[in-house]
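Following: one structure in structure tokens, then a few remarks.
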Amino acid sequence: MNTQKSKQAFDLAQNVIPGGVDSPVRAFKSVGGTPLFIERGEGAYLVDIDGNRYVDFVQSWGPLIFGHCDKTIEDAVIKAVKNGLSFGAPTEVETKLASRICDMFESIDKVRFVNSGTEAVMSAIRLARGYTGRNDILKFEGCYHGHSDSLLVQAGSGALTFGTPSSPGVPADFTKHTLLAKYNDIQSVKKSFENSNDIACIIIEPVAGNMGFIPADEEFLQELRTLCDENGTLLIFDEVMSGFRASLKGAQGISNVIPDLVTFGKVIGGGMPVGAFGGKLDIMNQLSPDGPVYQAGTLSGNPVAMEAGLASVSKIIENRDLYSSFEAKAKRLVSGFKEAANEAGISLQVNVRGSMFGFFFNDNEVKNFDDALKSDGEAFSKFHQAMLNEGFYFACSQFETGFICAAISDEIIDDCIQAAKKIMKTLK
Ligand code: KE4
């Protein structure tokens, strides 16, 4: 692939944008090589500024469940734009999208829109603290919930301690209320409750997509629910990535565990900047202006973004049989990868939930962040680069997730598996 124009564009971008990107993972630092500058999307494909076409398994990190330039979503946005871009006042489309989400999830009586997943999670955490009157929060090593200060936390010394900031600029005081536990390990959670009787909420990616792809064990989620009920702690499902992706009803549609608060993003914006958080009446009614917990946003519920989200969510609800097709394609893809790896004498761990999939270059099953860290990052990087050269665009980090969209055909899956068979042989 000739990527000369991307290289030039990246050089220019780095003069005026930190790292040349507006979000760090895009810089390809984890896999090496130059990030591709994209000119346009076409259904299942990305086209870079050098004219190279790639099958897109990233889909803007999840939002584009129908692929690029979906006509339904495009028409909705174009129509909305002609009425104006923003009013800073309520519009009926916000109510329509909120109603779709409330009708879909028994755990949600009300929902509020924001502009990103980060905002959704930050707001849900504040609401949980305001509702319970407690200060501590519990998250899991390896789960990412956006970049708000109290959630930018990794394990301190020892495995199960109060978090320490994982970024400069976050004062230790801002993370002293953040407890850490191990994903899929209920004993580590019980230990946290021994360490604190002030836990406002547990927040979890019920299908983790930010330490690579690791679904939580159903029993683990059920035990989290029980522990929260026993301790008066709220359970927050961060479904920013898994919402409308792991199933029509996200992870809670698979586990049947009902959270107290849910956060959304990505698919509910259809590619436009939308996040949301929702839950039961008694919790949501604590939010300003009805309640004392403050939360706000100039462009929250932006009518153009709302129309994109309404079109995206409505279309997926009207085509809910797509999920069985998504999952069949994802399973066929990763099974093909696993077969190709086995033929090459390489250990590959794979997993699927609905339209989400992941693979680890790892000898053993990956159940938590420690396991994920033992994966062969070099093999992943070589695979990523080689598949790019074959015209397949995967997430540029072992600690991300892949997605199937409605525009990805069975033929594309077959072609991708053939490319993987060729590439795996070169990795040994
Ligand atoms: P945003 O603020 O990026 O919209 O959402 C933060 C967020 C919250 N919760 C979960 C479960 C998430 O996956 C995310 C964001 N996901 C990453 C992909 N791993 C966004 C990509 C990026 O950071 O550029």
Side-chain angles (χ1 to χ4, degrees), residues 17-31 35-36 38 56-65 113-126 137 139-153 166-167 183 201-216 221 235-246 250-252 259 261-278 297 299-300 302 305 308-309 312 353-358 369 372 384 393-403:
I17 299 174
V21 292
D22 284 315
S23 198
V25 70
R26 303 177 192 171
F28 272 34
K29 285 204 181 300
S30 167
V31 291
L36 301 174
I38 303 305
D56 182 10
F57 287 103
V58 179
Q59 296 148 37
S60 184
W61 305 99
L64 306 175
I65 199 161
F113 296 109
V114 292
N115 301 283
S116 70
T118 294
E119 260 194 280
V121 172
M122 179 179 73
S123 307
I125 294 289
R126 183 181 312 133
I137 62 175
K139 75 175 288 290
F140 294 89
E141 291 169 348
C143 284
Y144 175 70
H145 302 289
H147 62 92
S148 60
D149 285 340
S150 61
L151 287 159
L152 276 185
V153 166
S166 53
S167 168
Y183 201 77
C201 62
I202 292 177
I203 182 163
I204 187 168
E205 289 180 61
V207 173
N210 290 288
M211 51 176 148
F213 185 68
I214 307 175
L221 293 177
L235 180 58
I236 302 178
F237 275 7
D238 180 352
E239 297 229 47
V240 166
M241 187 188 288
S242 56
F244 296 99
R245 274 287 185 179
Q252 54 195 298
L261 286 171
V262 192
T263 55
F264 296 100
K266 300 179 192 274
V267 169
I268 69 163
M272 297 288 281
V274 177
F277 59 106
L299 292 174
S300 294
N302 172 270
S312 176
R353 286 292 183 282
S355 66
M356 303 170 78
F357 65 87
F369 192 37
H384 178 269
Y393 188 91
F394 285 93
C396 46
S397 165
Q398 169 69 87
F399 304 118
E400 292 290 351
T401 292
F403 302 96

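Counting convention: from 1, in listed order, for ligands and their atoms alike. Starting from 1, each residue takes its place in the sequence as its number.
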> Within the distance-only criterion (no hydrogens, no angle test), does the side chain of H384 pair as donor or acceptor with the backbone N or O of F394 below 3.5 angstrom?
Replying inline: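 Flag set: sc H384 to bb F394 pair under 3.5 Å.
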> Can you check whether R26 has an N/O within less than 3.5 Å of an N/O in ligand 1?
Replying inline: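 No; the residue has no nitrogen or oxygen that sits under 3.5 Å from a nitrogen or oxygen of the ligand.
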So do [Y] and [X] actually touch side chain to side chain, heavy atoms under 4.5 Å?
X	Y	answer
M241	F403	yes
I137	L151	yes
Q398	S30	no

Any idea which atoms of ligand 1 are less than 4.0 Å away from a heavy-atom of [X]?
X	answer
S116	2 (O), 4 (O)
G146	6 (C), 7 (C), 8 (C)
V25	22 (C), 24 (O)

Any idea which heavy atoms bring [X] and [Y] closest together, and the distance?
X	Y	answer
L152	S167	CD1-CB, 4.1 Å
N115	L299	OD1-O, 3.1 Å
S242	V207	CB-CB, 4.1 Å
K139	V153	NZ-O, 3.7 Å

Around [atom], find the nearest protein heavy atom and jot down its residue, atom name and distance.
atom	answer
atom 9 (N) of ligand 1	D238 OD2, 2.7 Å
atom 3 (O) of ligand 1	T118 OG1, 4.5 Å
atom 22 (C) of ligand 1	S23 OG, 3.3 Å
atom 4 (O) of ligand 1	G117 N, 2.9 Å

>> Given H145, which partner from the list T118, D238, T263, N210 fulfils the side-chain hydrogen bond (donor to acceptor under 3.5 Å, both in side chains) test?
In response: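 The side-chain hydrogen bond (donor to acceptor under 3.5 Å, both in side chains) with H145 is passed solely by D238 among T118, D238, T263, N210.
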Considering [options] one by one, which has a heavy atom nearer to [atom] than any of the others?
atom	options	value
atom 15 (C) of ligand 1	E400, E205, K266	K266
atom 21 (C) of ligand 1	F264, W61, Y144	W61
atom 12 (C) of ligand 1	N210, T401, T263	N210

>> If the contact criterion is a heavy-atom separation under 4.0 Å, does E239 count as touching ligand 1?
In response: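 No, that is not the case, since the closest heavy atom of the residue is not under 4.0 Å from the ligand.
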>> Residue-level breakdown please: for E119 versus ligand 1, do any non-hydrogen atoms fall below 4.0 Å on the side chain, on the backbone, on both, or on neither?
In response: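 Looking at E119 and ligand 1, no heavy atom falls under 4.0 Å.
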>> Heavy-atom pairs closer than 4.0 Å: do any link ligand 1 to the side chain of H145, the backbone, both, or neither?
In response: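 H145 to ligand 1: backbone contact only, side chain stays beyond 4.0 Å.
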